[in-house]
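See below for the structure under consideration.
Predicted model, so just to flag it, every value in this text is computed and none were measured.
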Amino acid sequence: MTDISAPAPSAGSALLRALKSFALLRESGVAMVGAGLVGFWILVAIFAPLVSPFDPLATLQPLAKPGADYVKGGGTFLLGTDLLGRDILSRIIWGSRTVLIYAPLATLCAYTVGIIMGLAAGYYRGWIDDVLSRLSDIILSFPVLVLYVIIIATFGASGLNIVLAITFASAPGVMRIVRGLVLDLRNRDYVAAAQTRGESSWYIMLVEILPNARGPLIVDACLRLGYVIITIGVLGFLGLGLPPPDPDWGGMINEYRGMAMSFPHMIVFPCIAISSLILGFNLLADGLREISLRD
Amino acid sequence: MLIFIAKRIGAMILTMLVVSIVLFLMLEFSPGNVATKVLGPYSSEEQRQLWLEQNGYLEPLYVRYFSWLGNFAVGDFGDSIRFKVPVSEVLWPRLGNTAILGAATFAVMIPLSLVLGVLAGMKEGAKRDRIISTTSILTTSVPEFASAVFFSLLFVFYLGWLPGTSSMVDGFAFKELILPVLVLVVYDFGYVARMTRASMAEVMTSHYIRTAILKGLPYKQVILRHALRNALIAPFTVIMLQINWLLSGVIVVEFFFAYKGFGALLLEASLNQDIFVIEACAMVALFVAVASQTLADIGYTYLNPRIRFS
């Protein structure tokens, strides 16, 4: 049995492949800019304790303008402080952790559920397909934000509920894409070969079909990550996001909204931060799609 | 065609029924919770029991659901807990305000995105295409609340041209409509423009367009007479589906600008656990969304002769 199936990829070849796809990325300027923006924020999130000038929760000096000095302790508030005297820059830096943990987590959950649903619908067809497709039509027909607001308001605002709500609302979209790809791939010869070998259905779906559907899925995942970041930001902005005091970009914008006209610095910088991260993922998706179409 | 329309409308009604059951179970499964929300956390046990009896909440769940559904079908949504008036008295004026906002947004967004999409798709990969495509990625990457902040700072704070809130307390004010519409258009037009561009680019590579160009027709005529007709079928569907997106967008924009619309009402109701308003808003939003999708499907089938005659 083992001599027919492809050899398991070793760690070395995986690294080589990653390097190769990075080299491909360099062909597209758009993708490079996107990767740069995303990479920047990932580095900021990882090294938050090192690059953050102050404690994001400490109340230091209220309403300092950008560039003002910290009178008591020394140092400069590059982006100013908020009403409670917390350093905006530090809060943005630590907030990148929040968004870069919850957004990929929620996207991953949505993909896991969506891929399983899509594989089952596309491979088994029949009543499973009918039920799953009808169900996802119903969920997708709802205006997304209406759905989020109702779910979060009913079940409470917490990290877990946000991830669950995003999974619930996004999995059907992933399912549709996977189902379409599977319908195409299930007629390939290697699937027939695996069926003849007597492999189980789920082995065929996960090992033979899924890896061959990865191209469009990766592009979609980048777009969806950007969209999930918008969603988390919007929920924070509407007051339905993660509970305070942990820094969260959307929440910061909601908190300082009332003072936007007198102290624009409090609200502009979190907006720039979130927009740049989303832009990064969208450019990356666009560049990847361009590259995948070229081959 | 008639069978197709009947099927689509059937699916639409089915969707609304399924959602209404889920919504009802989510918000009214336990009568005790409903009574607590209506009478407040400090009501006594006797008061709640009395309220439950008077309002028919001691009936079995399915009886309650069908009477709720019956009332809903004739537009009786119950009383708002917060405003102490029938929900419909609050809901319809708010919905009207949102319709004004939505209509204004569409009136600006559709011509803009179609023109930009066609211009970009006419010559795929040209400089004009690159500029338009990159701009549309840029604008769709800025969430509505962020662009609302940027535009407010520019037009309200620095230039002082426009009011920062759009509550329209003194009747309709055109000036107060500008910023909300601008924010919605900037966020939404990129998507429609990209779809139009893709559709236009596909048509431009087709044989009949090549024939038209090769036989010497003026370029303008090729675009206007031959390409546009086919290129604008796909965007029609996309535009109808934008209504669904707009219903999400208005929540953010109405909240930001304190616009007294439907989205703000839904948000307030959700934050205050005003369950009958939530139910009404959710069902109305769903109806608008599903109806526009059904119309999009029917319209697309009608516009596309390859489907219409098969």
Side-chain angles (χ1 to χ4, degrees), chain A residues 30 33-34 37 134-135 137-155 157 223 226-227 229-240 249-250 253-254 256-257 260-262 264 267-268 270-283 285-287, chain B residues 11-12 14-16 18-19 22-23 26-27 130 133-134 137-138 140-150 152-153 156-158 164 187 190 194 243-252 255-256 263 266-267 269-273 275 278-279 281-282 284-286 288-290 292-294:
Chain A
V30 172
V33 175
L37 282 170
R134 174 68 61 201
L135 200 68
D137 283 350
I138 290 175
I139 296 174
L140 286 176
S141 64
F142 232 95
V144 261
L145 196 51
V146 175
L147 199 61
Y148 289 133
V149 167
I150 294 172
I151 293 178
I152 302 286
T154 311
F155 297 110
L223 277 181
Y227 193 69
I229 294 169
I230 294 187
T231 303
I232 292 177
V234 164
L235 287 176
F237 167 72
L238 295 177
L240 296 167
W249 292 345
I253 296 163
N254 178 39
Y256 312 145
R257 205 168 56 94
M261 292 303 137
S262 342
I267 189 165
V268 168
C271 284
I272 293 175
I274 196 166
S275 303
S276 66
L277 181 59
I278 298 160
L279 181 66
F281 279 111
N282 285 351
L283 290 176
D286 198 60
Chain B
M12 172 178 153
L14 184 72
T15 303
M16 296 202 52
V18 171
V19 172
V22 175
L23 193 69
M26 235 169 88
L27 294 170
R130 292 204 158 267
S133 296
T134 313
I137 296 181
L138 198 73
T140 32
S141 298
V142 181
E144 284 133 333
F145 60 83
S147 56
V149 166
F150 297 143
S152 297
L153 283 177
V156 183
F157 184 71
Y158 290 114
Y187 184 67
R194 281 161 74 88
I243 293 177
N244 198 334
W245 282 85
L246 201 66
L247 282 171
S248 291
V250 292
I251 298 182
V252 176
F255 175 63
F256 191 95
L266 172 66
L267 186 68
S270 297
L271 293 172
N272 294 304
Q273 296 288 313
I275 49 176
I278 301 179
E279 288 168 354
C281 284
V284 167
L286 181 70
V288 174
V290 182
S292 60
Q293 283 156 27
T294 307

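Distance check: L145(A) CG to L247(B) CG gives 10.0 Å after rounding to the nearest 0.5 Å. One distance of note links CG of L279(A) with CG of L138(B); it measures 5.5 Å at 0.5 Å rounding. Taking OH of Y148(A) as the start and CD1 of I251(B) as the end, the distance is 12.0 Å to the nearest 0.5 Å. The CD1 atom of I230(A) lies 7.5 Å from the OG1 atom of T140(B); values are rounded to the nearest 0.5 Å. In this structure, D286(A) CG and S133(B) OG are separated by 7.5 Å, a value rounded to the nearest 0.5 Å. F256(B) CZ to L238(A) CG: the interatomic distance, rounded to the nearest 0.5 Å, is 11.5 Å.
Neither the backbone nor the side chain of L246(B) comes within contact range of chain A; no heavy atom of the residue lies under 4.5 Å from a heavy atom of that chain. The contact between V142(B) and chain A is made by backbone and side chain atoms together, counting heavy-atom distances below 4.5 Å. Interface remark: S152(B) contributes backbone and side-chain atoms alike to the contact with chain A (heavy atom separation under 4.5 Å). Using a 4.5 Å cut-off between heavy atoms, I150(A) contacts chain B through both its backbone and its side chain. With a 4.5 Å cut-off on non-hydrogen atoms, L235(A) does not touch chain B at all. Using a 4.5 Å cut-off between heavy atoms, F155(A) touches chain B through its side chain atoms alone.
Scanning for ring pair (Phe, Tyr, Trp, His ring centres under 6.0 Å) contacts around Y227(A) gives W245(B), with sequence neighbours left out. Residues forming a ring pair (Phe, Tyr, Trp, His ring centres under 6.0 Å) with F145(B) (at least two apart in sequence, or on another chain): F237(A).
Of all non-hydrogen atoms in V146(A) and S248(B), the two that sit nearest each other are N-OG, 4.4 Å. Taking all atoms of both residues into account, the shortest heavy-atom contact from I151(A) to M26(B) is CA-CE, 4.4 Å. Minimum heavy-atom separation, V144(A) to N244(B): N-OD1, 4.5 Å. The shortest non-hydrogen separation linking C271(A) to A146(B) is SG-CA, 3.6 Å.
Residues P143(B) and S275(A) have side chains in contact (heavy-atom distance under 4.5 Å, counting atoms from C-beta outward). Looking at L240(A) and L271(B), their side chains come closer than 4.5 Å, going by heavy atoms from C-beta outward. Looking only at side-chain heavy atoms (C-beta outward), D137(A) and T15(B) stay at 4.5 Å or farther from each other. Two residues are said to be in side-chain contact when any heavy atoms from C-beta on lie closer than 4.5 Å; F255(B) and N254(A) meet this criterion.
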Verdict with supporting geometry, V18(B) and R134(A), side chain to side chain contact (heavy atoms under 4.5 Å, CB included):
CA-CA 11 Å; V18(B) 171; R134(A) 174 68 61 201; over 6 Å; no
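Counting heavy-atom pairs closer than 4.5 Å to chain A, the top residue among S141(B), A289(B), G249(B), A11(B) is S141(B). By number of non-hydrogen pairs under 4.5 angstrom with chain A, the leading residue of I137(B), V252(B), V22(B) is I137(B). Of the listed residues G239(A), A153(A), A285(A), G226(A), the one with more heavy-atom pairs under 4.5 angstrom with chain B than any other is A153(A). Interface check for chain B: of the options I272(A), I229(A), I278(A), the most heavy-atom pairs under 4.5 Å are formed by I278(A). When I274(A), V30(A), V149(A) are compared by the number of non-hydrogen pairs under 4.5 Å with chain B, V149(A) comes out ahead.
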